[in-house]
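Right, one structure below, let's go through it.
Along the sequence shown, the residues carry numbers beginning at 1.
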Amino acid sequence: MKRTEVLNGVRMLKFRDVFGRWEKGRLSELEAAELLGVTERTFRRWRRRYGEEGEGGLVDRRLGKPSPKRVPEAEAERIGQLYRERYQGFTAKHFHEHAVAKHGLNWSYTWTKSYLQNRGYLKRAPRRGAHRRKRLRKPLIGMMLHQDGSRHCWIPSFESALDLIITLDDATGEIYSGFLVEEEGTFSTFRGLTDVFAKHGLPLSLYTDRGSHYFHTPKAGEKVDPRALTQVGRALAQLGIEHIAAYSPQARGRCERIFRTLQDRLPKEIALAGIVDLEKANQFIAEVFLPDYNARFAVAAAEPGNAFVPVARMQWHDVLCIQEDRIVGNDNTVAFQGLRLQIPRSRIRAHFVKAKVRVHQYYDGTQAIFHGPRCLARFCANGELIEESVKWAA
């Protein structure tokens, strides 16, 4: 029996009881109407229909008739066919967004979800567990950034999985940087931070897991060693950015929840766009996917203002890199990762033989040689001297 029929039966029983008491003079029309939860006028109308037609006069006359707001069967079938043929595997929310934007769907998300579930196209979500209190977000943007990576088959046509590296703001959940790499590491960290620093400035803190490129951990599962800094730890310390280590999956819950959403949506969007190339996938993520994602899911910060510290690029660019000390050889070159980097002529001194210099390697593969705070030369990834740096150093 349908719910509306049950409710109609209950209403009938209640009306007969109240009507009987009214007939015996125990209740006035106003009191009878209040007990039934209707107006005096409605009670009089029900009383008249009950006298003329009996219980049949009180049956809800909408029963058995289709709702005037009901979605036409042809339209419902069109939506079902669209999901089966083009958006199979999308969540109801994700599908509804595309159907509204691209296919003229005028019906609500709730109807769409119920229709897909009732037709067996989508499984109903399992019942949620006990409530857990979330950690409050930082009140201002720039107070804390999260950075994390997730390995997944982000490009469906690829045989191997890739790492998606995201850097986001704790206050709003906005993803400032996102890109795919073959493997997460020091360079992917610097690349994500470069994207953020160039546009927003320096944050107060960075929250990450305890991956080996972030921290040195003497014993697995124990606390990190704050004195033995990685290249990432050294760069953050030089810039005055606090580096916070997460000690449990729950502590990284914000990123974990975001990655669940991304793992569901991003591969489908990449496949829908017909992308089969890593470079084009990263361009699509930066120019199309992330702006749309942030518009839908980012929230407003609790307080107005900005905790980012604006700084010139030259103050952080040569810090966000791998730095290693070298001794200059007799031929005025520096050996670095199988390359011989030739130091050009300089006005500072005739040569740098036996001098201690510092080699910087950036996430894009380029290198630079520093003597103290002064840059002597910059090189392409293959070790060739960049002409602009020759003029600067000569």
Side-chain angles (χ1 to χ4, degrees), residues 86-91 93-102 141-142 144-201 203 206-209 211 213-214 232 252-299 308 320 362-366:
R86 188 167 183 184
Y87 296 97
Q88 186 72 37
F90 278 50
T91 63
K93 184 69 173 176
H94 197 184
F95 169 69
H96 183 260
E97 291 168 2
H98 277 278
V100 169
K102 301 177 182 179
I141 62 173
M144 178 189 285
L145 299 185
H146 294 258
Q147 189 177 78
D148 204 353
S150 175
R151 194 157 190 82
H152 187 68
C153 293
W154 298 103
I155 304 178
S157 61
F158 272 38
E159 294 182 358
S160 59
L162 297 169
D163 285 333
L164 174 66
I165 311 300
I166 62 171
T167 308
L168 61 102
D169 197 293
D170 183 78
T172 63
E174 180 178 353
I175 300 177
Y176 293 138
S177 171
F179 51 85
L180 296 170
V181 293
E182 292 185 359
E183 187 174 2
E184 179 183 7
T186 301
F187 284 133
S188 65
T189 297
F190 287 149
R191 178 178 174 181
L193 294 179
T194 295
D195 290 345
V196 179
F197 294 178
K199 186 174 182 180
H200 300 281
L206 178 68
Y207 192 89
T208 69
D209 61 26
H213 56 293
Y214 288 124
V232 173
R252 305 196 312 275
R254 191 148 290 148
C255 279
E256 296 297 329
R257 288 189 292 273
I258 288 174
F259 275 130
R260 284 199 295 270
T261 301
L262 294 175
Q263 287 177 4
D264 176 70
R265 286 179 171 242
L266 182 55
K268 296 183 179 74
E269 294 286 356
I270 288 176
L272 201 60
I275 295 172
V276 295
D277 175 75
L278 177 58
E279 184 178 348
K280 290 183 178 179
N282 279 332
Q283 183 180 0
F284 173 79
I285 291 171
E287 298 177 1
V288 179
F289 182 81
L290 286 185
D292 180 69
Y293 175 92
N294 289 328
R296 294 182 184 278
F297 295 106
V299 300
F308 279 109
L320 290 184
Y362 305 90
Y363 76 85
D364 60 0
T366 59

Heavy-atom check, side chain of [X] versus side chain of [Y], under 4.5 Å:
| X | Y | result |
| --- | --- | --- |
| R86 | L272 | yes |
| L193 | L206 | yes |
| L320 | Y363 | no |
| D148 | E256 | yes |
| T167 | D195 | no |
| L145 | F308 | yes |
| Q147 | Y207 | no |
| K93 | H96 | no |

[X] versus [Y], closest heavy-atom pair with distance:
| X | Y | result |
| --- | --- | --- |
| S188 | V181 | CB-CG2, 4.3 Å |
| S177 | V196 | CB-CG2, 4.4 Å |
| I155 | A281 | CD1-CB, 3.7 Å |
| D364 | T366 | OD1-OG1, 2.7 Å |
| K280 | D277 | N-OD2, 3.0 Å |
| F259 | G149 | CZ-C, 3.7 Å |

Report yes or no: is the cationic atom of R191 (NZ for Lys, CZ for Arg) under 6.0 Å from the centre of the six-membered ring of F179, at an angle within 45° of the ring normal? yes

Determine, stepwise, if the pair E184 / R151 fulfils side-chain contact (heavy atoms from CB on, under 4.5 Å). CA-CA 9 Å; E184 179 183 7; R151 194 157 190 82; over 6 Å; no

Stepwise side-chain contact (heavy atoms from CB on, under 4.5 Å) check, D169 with Y176: CA-CA 7 Å; D169 197 293; Y176 293 138; 3.0 Å; yes

Verify the neighbour count for atom CD of E279: are there more than 12 heavy atoms of other residues, nucleotides or ligands below 6.0 Å? no

Rounded to the nearest 0.5 Å, what separation is found between the [atom1] atom of [X] and the [atom2] atom of [Y]?
| X | Y | atom1 | atom2 | answer |
| --- | --- | --- | --- | --- |
| E183 | S160 | CD | OG | 11.5 Å |
| D170 | C255 | CG | SG | 9.0 Å |
| F289 | N294 | CZ | CG | 9.5 Å |
| C153 | L266 | SG | CG | 12.0 Å |
| H152 | L180 | NE2 | CG | 10.5 Å |
| I270 | N282 | CD1 | CG | 8.5 Å |

Over 60° means perpendicular and under 30° means parallel, so classify the ring planes of Y87 and H98, tilted if in between. tilted

Run the side-chain contact (heavy atoms from CB on, under 4.5 Å) check on T189 and T208 step by step: do they pass? CA-CA 10 Å; T189 297; T208 69; over 6 Å; no

Criterion side-chain contact (heavy atoms from CB on, under 4.5 Å) on E97 and R296, from CA distance to verdict: CA-CA 10 Å; E97 291 168 2; R296 294 182 184 278; 3.1 Å; yes

Quickly, which of T172, D292, T261 forms a side chain to side chain contact (heavy atoms under 4.5 Å, CB included) with F297? Name it, please. T261

